[in-house]
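Below is one structure, written out as structure tokens, with a few remarks after it.
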Amino acid sequence: MLGILSARIARGYGRCFFFSLSLHCQGGVKHHPKGEDANMRINEFGQPIGDAVSFAGTMMPKPVELIGRTVLVVPLDANQGNAFYERIFGPHCDEAIMTYSTHDLYPDRPAFDSDFTSMIESRDPLFFAILRKRPAPEPGIGQSAGVKDVDTRKHVKLHDASNLLGMYALMRIRADMGSVEMGHVIYTKDLQRSRQATEAQYLMARHVFEDLGYRRYEWKCDSLNAPSRAAALRLGFKAEGRFRNDMVYKGRTRDTDWFSILDSEWPAVKERLETWLDDANFDEDGRQKRRLQDC
């Protein structure tokens, strides 16, 4: 019956699809889904299968401190509460930065304190604060606090609320599969479209791939959030598609755009980011000489 059905389809459209096999034929010639000359493994049933890998999972992310040239990435802690309430979550803060976030402004401090405590204690999502870096001896891009420079920890403390630039989190953590998502991204106006924002993203991507050994790093956003989509592509994430009617939040529907970087792609992405972030790419006023897209 299957052969008869395939033959009828072939006569009508010049191509056939074998439901018992994942290969398809066109004009009587078998093709792999990735192309006729693709180097794809075929199992004993004639079906294409993925490349063999030796991967037994990796570690769960932990609260760490990452030190860059212009920013510090540190775990949330209770000492940052005043700054977060003043700069990001308080009732008089910039509500526009919450439009595409699942977070919102808080009407009063007790409501904020309760949720902020939960964010501090959470491990998935694992939240981080992005701080403006005070002048200090250069540890180099991507160095974890305390590895080589014992004096860096004193620069992590948030002495001035204006030094809080934003936050993000590692979420949807699947250590057994080596997949993790960058999410809960909230940037103050000071951080948006800045060198610091790019460096903060570089630091975490480097940590995910090189320190933790993940295979896949994800970025997702509301399909209507044009700045987030542009940021993902600029940083080296590749678009994967759109999940329609994926969420309901703040009384509205959301289609979600998916992006990712794979471990095999990271070396090239890293090289571009480091070239752009290098001090030589900025003039004495901090203006870029070359765009990241041109690096």
Above 12 or not: heavy atoms from other molecules or residues under 6.0 Å from CD of Glu44? yes
Determine, step by step, whether Tyr217 and Val180 satisfy the side chain to side chain contact (heavy atoms under 4.5 Å, CB included) criterion, reporting the C-alpha distance in whole Å, the side-chain angles of both residues, the deciding distance to 0.1 Å, and the verdict. CA-CA 5 Å; Tyr217 192 38; Val180 65; 3.8 Å; yes
Spell out, yes or no, whether Val53 and Met177 are grouped together once hydrophobic residues are joined by side-chain heavy atoms under 4.5 Å, including indirect joins. no
Parallel, tilted or perpendicular: rings of Phe89 and Phe84 (30°, 60°): parallel
Which heavy-atom pair separates Met98 from Ile88 by the least distance, and what is that distance? CE-O, 3.4 Å
Give the minimum heavy-atom separation between Glu65 and Pro75, together with the two atoms involved. CG-CD, 3.8 Å
According to a hydrophobic-cluster definition based on side-chain heavy atoms being under 4.5 Å apart (Ile, Leu, Val, Met, Phe, Trp, Tyr only), do Trp258 and Val248 belong together? no
Are the side chains of Ser223 and Arg254 in touch, meaning some heavy atoms are under 4.5 Å apart? no
For the side chain of Ser228 and the backbone of Asn225, is there at least one donor-acceptor N/O pair under 3.5 Å apart? no
One should read off an interatomic distance between Asp211 CG and Leu203 CG, to the nearest 0.5 angstrom, of 10.5 Å
To the nearest 0.5 Å, atom CZ of Arg123 lies from atom CD1 of Ile120 at 9.5 Å
Counting only heavy atoms not in Met247, do more than 12 sit closer than 6.0 Å to its CE atom? yes
Check whether any side-chain heavy atom of Leu165 sits under 4.5 Å from a side-chain heavy atom of Tyr187, and report yes or no. no
Show the numbers, then the answer: is there a side-chain hydrogen bond (donor to acceptor under 3.5 Å, both in side chains) between Arg287 and Asn281? CA-CA 8 Å; Arg287 292 176 298 218; Asn281 190 44; over 6 Å; no
Check for me, please, whether Leu233 and Phe237 land in the same ILVMFWY cluster - side-chain distances under 4.5 Å, paths through other members count. yes
Shortest non-hydrogen pair, Arg216 vs Phe209, comes out as N-CE2, 4.3 Å
Between Leu76 and Phe128, which heavy-atom pair has the shortest distance, and what is it? CD2-C, 3.8 Å
Donor on one side chain, acceptor on other, Asp160 and Ser162, under 3.5 Å: yes
Counting N and O atoms only, with roles assigned by atom type, does the side chain of Glu271 sit under 3.5 Å from a partner on the main chain of Ala268, one being a donor and the other an acceptor? no
Glu95 vs Asp104 side-chain heavy atoms within contact, under 4.5 Å: yes
Pairing of Arg290 and Asp294 as salt bridge, 4.0 angstrom limit: no
Give the minimum heavy-atom separation between His184 and His103, together with the two atoms involved. ND1-NE2, 2.8 Å
Given side chains that start at C-beta, do those of Trp219 and Leu235 come closer than 4.5 Å, heavy atoms only? yes
Run Leu131 and Leu164 through side chain to side chain contact (heavy atoms under 4.5 Å, CB included) and show every step you take. CA-CA 5 Å; Leu131 311 182; Leu164 175 65; 3.8 Å; yes
Could you walk me through whether Asp190 and Arg132 pass the side chain to side chain contact (heavy atoms under 4.5 Å, CB included) test, one step at a time? CA-CA 10 Å; Asp190 291 342; Arg132 192 190 319 274; 3.7 Å; yes
Distance-only donor-acceptor pairs under 3.5 Å for side chains of residues 167-174, two or more places apart:
unit_1, atom_1, unit_2, atom_2, d
Tyr168, OH, Ala200, O, 2.7
Arg172, NE, Glu181, OE1, 3.2
Arg174, NH2, Ser179, OG, 3.3

Assess whether a salt bridge exists between Asp94 and Arg87, defined as any Lys/Arg side-chain N lying under 4.0 Å from an Asp/Glu carboxylate O. no
Min side-chain heavy-atom separation Ile42-Gln47 under 4.5 Å: no
Is it true that Ser260 and Glu218 share a donor-acceptor pair across their side chains at a distance under 3.5 Å? no
Report yes if some heavy atom in the side chain of Arg195 is under 4.5 Å from a heavy atom in the side chain of Arg69; otherwise report no. yes
Side-chain contact test, heavy atoms from C-beta onward, threshold under 4.5 Å: evaluate it for Gln192 versus Ile97 and give yes or no. yes
Atom CZ of Arg272 and atom CG of Leu277: how far apart are they, to the nearest 0.5 Å? 10.5 Å
Report whether Leu126 and Val208 are members of the same hydrophobic cluster (ILVMFWY, side-chain heavy atoms less than 4.5 Å apart, transitive linking). yes
Distance check, rounded to the nearest 0.5 Å: Lys133 atom NZ versus Asn163 atom CG? 13.0 Å
Is it true that, when you exclude Arg252 itself, more than 12 heavy atoms of the residues, nucleotides or ligands shown sit nearer than 6.0 Å to its CZ? yes
Evaluate side chain to side chain contact (heavy atoms under 4.5 Å, CB included) for Leu72 paired with Leu66, printing each intermediate quantity in order. CA-CA 6 Å; Leu72 310 174; Leu66 302 175; over 6 Å; no
Do Asp257 and Arg229 sit within salt-bridge range, that is, some charged N less than 4.0 Å from a carboxylate O? yes
Would you list the pairs meeting side chain to side chain donor-acceptor pair (under 3.5 Å) in which at least one residue belongs to residues 261-270, sequence neighbours left out? Glu210-Trp266, Glu210-Lys270, Lys238-Glu265
For Arg193, does the CZ atom sit with more than 12 other heavy atoms under 6.0 Å from it, leaving out its own atoms? no
Does Lys62 NZ have over 12 foreign heavy atoms under 6.0 Å away? no
Hey, quick one: are Trp276 and Val71 part of the same hydrophobic cluster, counting side-chain heavy atoms closer than 4.5 Å, chains of contacts allowed? yes
Hey, mind stepping through Thr253 and Arg244 against side-chain hydrogen bond (donor to acceptor under 3.5 Å, both in side chains) and telling me if it holds? CA-CA 9 Å; Thr253 189; Arg244 299 177 300 161; over 6 Å; no
Is the closest side-chain heavy-atom distance between Pro91 and Tyr85 below 4.5 Å? yes
Heavy-atom closest pair (Tyr214 atom, Gly178 atom, distance to 0.1 Å) is CD2-C, 3.2 Å
Interatomic distance, OG@Ser118 vs CZ@Phe116, rounded to 0.5 Å, equals 11.0 Å
SG (Cys295) and CD (Gln288) are apart, to the nearest 0.5 Å, by 8.0 Å
Quick check against the 3.5 Å criterion: does Glu199 have a side-chain atom that pairs as donor or acceptor with the backbone of Thr70? yes
